[in-house]
Participant: 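I'd like to ask some things about the structure below.
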Amino acid sequence: MPEFQTSPGMRDILPPDSARWRRFQSVFAGVVESAGYGEIMPPLMEDLGVFQRIGDATDVVTKEMYDFDDKGGRHVALRPEQTASVCRAYAQHRPATPWKVFYAGPNFRYEKPQRGRYRQFDQVGIEVLGADDPYLDVEVISLGWEFYEKLGLERVQLLLNSLGEPEDRARYVDALEIYFRANLDGLTEQSRITLDKNPLRVLDSKREFDAELIAYAPRIAEFYSPDAAAHFDAVQQGLDDLAIPYTIDTKLVRGLDYYRHTTFEFVGLTLDSAQNALGGGGRYDGLVESLGGPPTPGIGFALGLDRTLLACDDEGVFAAPNTDVDVFVVDSTGGRQALRITAELRNAGLVCDRAFENRSMKSQMKAADRSGAAVAIIIGSNELDAGTVVVRPLRGAVDVNKQREVPRRDLISAVTKAVLLAVKEATA
RNA sequence: GUGGUCGUAGCUCAGCUGGUAGAGCAUCAGUUUGUGGUACUGAGGGUCGCGGGUUCGAGCCCCGUCGGUCACCCCA
């Protein structure tokens, strides 16, 4: 065992997984940029207070923050999510509205790690600040939906709910609390603790014992104001217009305190129920204000990379991209020729690799095969003397007769032709 | 944070009721003195997560600890 390993919940993303991650983020960027979203890259670390605005009833804020005093005595924290940073940035820079941004990058939460849950975890997401239009809710949700489609995922379910206006939500919370307090016998110990902290979250319990009481609990829909009901209706109509299927889930209350109106979650149906949330979001307000900005409505979502990739694995879609090279240069004269030839080929736009340490030709050919290259360039003392190189197709059966010796100056054109031919044969 | 479970070569794992460590794959080399996929031969590679204890003797038993994983919790 090596002396040092990654800390718990932290890991190295190695090739070819790293290429998959990068493609994941670029597919996401493609989807949201097509809708006019620009990337925001907030710092990894902010004043602790920025994140405390998320809500002091949440574990994310109270127990899971990576916070410390920096050398200047500032109490800072690694971001546990990015919505708060986006709102802080809005309050700080005051961009024109609606401000549509997306982000991609790591967040940090000090949790006990599990599969699909890490202390450093990547999310992609979008936020829109400064517009309170139900059709914006639909746009945001549809972009998440479209992203899953682009990845190739099919077993994804969209759960939808509305928490109403803040006053609706408050009245509902009161009613819930009264209901649960009158029926404490029907709640598990855990749920009673949750009830003290945040009655809404009792609805989230997946414990069987709680199920019956939750099933007969008051419904948020009974508390909607006319405006809230109209907003929610418009969102549903919009989703219908776009033929995006959704399931109303009145028990869907998001983890963080600042949500109101529309909330939604994307669930991976192939995943175990405890870890099946691929992403979620909703409409919020008060957050910008609490960070020193003007009252500003916001909506957004965040999608977790890890679980989404697990879902992709389950469905056999969005595999790691092929990282094979086009050409592999075999040089049995010591390596200097390979140095010059690879430089030439790369200049011409070809992806190529070579062997080092002057290994035997057989060994270099093996490396060429392993590299996945379509073509090998071989140069030995004969070719060096004759001013030629050997162009050898590598796909298919081993057959020395398929290779050609060409003048050194025809290298680029001969290789390009051979690579194209190999690609054509592969797709035929 | 609480509980269950696992931790042997780079990877996946085997190792009987305790008797001083094995396979497959991978790597390197050779069979083939200039040519890859298959085959054959050989080589390198392990303080059995770490630390204590019991024992004549521990990969195996006991305690602790670290890490993975699962459930709870929380959440993406």
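Reminder, nothing fancy here: chain letters follow the sequence lines and each chain counts from 1.
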Participant: Could you tell me whether Glu265(A) contacts a base, only the sugar-phosphate backbone, or nothing, with contacts defined as non-hydrogen atoms closer than 4.0 Å?
Facilitator: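 Result for Glu265(A) = nothing.
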Participant: Compute whether any side-chain donor of one residue and acceptor of the other, for Asp331(A) and Gln337(A), lie under 3.5 angstrom apart.
Facilitator: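 Gln337(A) and Asp331(A) do not have a side-chain donor-acceptor pair below 3.5 Å.
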Participant: Across all strands shown, which nucleotide pairs with G7(B) by Watson-Crick or G-U wobble geometry, both distances under 3.5 Å?
Facilitator: C66(B)
Participant: Checking Arg404(A) now: which residues fulfil side chain to side chain contact (heavy atoms under 4.5 Å, CB included) with it, not counting sequence neighbours?
Facilitator: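 Scan of Arg404(A) (side chain to side chain contact (heavy atoms under 4.5 Å, CB included), adjacent residues dropped) gives Val406(A), Ala414(A).
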Participant: Hey, does the side-chain of Gln364(A) have a donor or acceptor N/O within less than 3.5 Å of a partner on the base of U35(B)?
Facilitator: no
Participant: Just compare A76(B), G36(B), U35(B) and give me whichever is closest to any side-chain atom of Phe121(A).
Facilitator: A76(B)
Participant: Using a heavy-atom cut-off of 4.0 Å across all strands, would you classify Gly279(A) as base, sugar-phosphate, or nothing?
Facilitator: sugar-phosphate
Participant: Checking all strands, does Gly9(A) fall into the base, sugar-phosphate, or nothing category for heavy-atom contacts under 4.0 angstrom?
Facilitator: sugar-phosphate
Participant: Could you let me know what U54(B) is paired to, Watson-Crick or G-U wobble, both distances under 3.5 Å, or none if it's on its own?
Facilitator: none
Participant: Nearest-Å distance, CD1 (Ile54(A)) to C1' (A76(B))?
Facilitator: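 Whole-Å distance recorded here is 13 Å.
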Participant: Between C75(B) and Arg307(A), counting only base atoms on the nucleotide and side-chain atoms on the residue, is there a donor-acceptor pair under 3.5 Å?
Facilitator: yes
Participant: Under 4.0 Å, heavy atoms only, any strand: does Asp399(A) hit a base, just the sugar-phosphate, or nothing?
Facilitator: base
Participant: Can you find a side chain N or O atom of Gln114(A) that sits less than 4.0 Å from OP1 or OP2 on A71(B)?
Facilitator: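 Result: yes.
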Participant: Between the base of A76(B) and the side chain of Glu111(A), is there any donor-acceptor pair under 3.5 Å?
Facilitator: yes
Participant: Could you give the distance separating C70(B) and C61(B) at their P atoms, to the nearest angstrom?
Facilitator: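 These two P atoms come out 24 Å apart once rounded.
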Participant: Any donor-acceptor pair, under 3.5 Å, between the side chain of Arg392(A) and the base of U35(B), if you only look at N and O atoms?
Facilitator: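 Indeed, a donor on one side and an acceptor on the other fall under 3.5 Å apart.
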Participant: Determine: side-chain N/O of Lys362(A) to OP1/OP2 of G36(B), distance under 4.0 Å, yes or no.
Facilitator: yes
Participant: Base, sugar-phosphate, or nothing: which does Ile378(A) touch, judged by heavy atoms less than 4.0 Å apart?
Facilitator: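 Answer is base: heavy atoms of Ile378(A) come under 4.0 Å of a base.
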Participant: Can you tell me if Glu383(A) and Thr388(A) form a side-chain donor-acceptor pair at under 3.5 Å?
Facilitator: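 Side chains of Glu383(A) and Thr388(A): no pair found under 3.5 Å.
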Participant: Is the shortest side-chain N/O distance from Arg370(A) to OP1 or OP2 of A26(B) below 4.0 Å?
Facilitator: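 Looking at the OP1 and OP2 atoms of A26(B), neither is under 4.0 Å from any side-chain N or O of Arg370(A).
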Participant: Got a donor-acceptor pair under 3.5 Å from the side chain of Arg115(A) to the base of C70(B)?
Facilitator: no
Participant: Tell me which nucleotide, if any, is Watson-Crick or G-U wobble paired with G59(B) when both distances must be under 3.5 Å.
Facilitator: none
Participant: Could you list the residues that satisfy side-chain hydrogen bond (donor to acceptor under 3.5 Å, both in side chains) with Arg359(A), not counting sequence neighbours?
Facilitator: Glu357(A)
Participant: Give a yes/no on whether any side-chain N or O of Arg11(A) is located under 4.0 angstrom from OP1 or OP2 of G68(B).
Facilitator: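 So the side chain of Arg11(A) is outside the cut-off, no N or O lying under 4.0 Å from OP1 or OP2 of G68(B).
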Participant: Using a cut-off of 4.0 Å on non-hydrogen atoms, how would the nucleic acid contact of Tyr110(A) be classed: base, sugar-phosphate, or nothing?
Facilitator: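 Counting heavy atoms under 4.0 Å across all strands, no contact is made by Tyr110(A).
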Participant: Verify the contact: side-chain N or O of Ser332(A) to OP1 or OP2 of U35(B), cut-off strictly under 4.0 Å; return yes or no.
Facilitator: no
Participant: Taking the side chain as every heavy atom from C-beta outward, state whether Leu345(A) and Ile412(A) have any atom pair closer than 4.5 Å.
Facilitator: yes
Participant: Does Thr194(A) make a side-chain N or O approach to OP1 or OP2 of C74(B) shorter than 4.0 Å?
Facilitator: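 Yes, because at least one side-chain N or O of Thr194(A) sits under 4.0 Å from OP1 or OP2 of C74(B).
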Participant: Would you measure the distance from the P atom in A9(B) across to the matching atom in G22(B) and give it in whole Å?
Facilitator: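 These two P atoms come out 14 Å apart once rounded.
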Participant: Could you let me know what U41(B) is paired to, Watson-Crick or G-U wobble, both distances under 3.5 Å, or none if it's on its own?
Facilitator: A29(B)
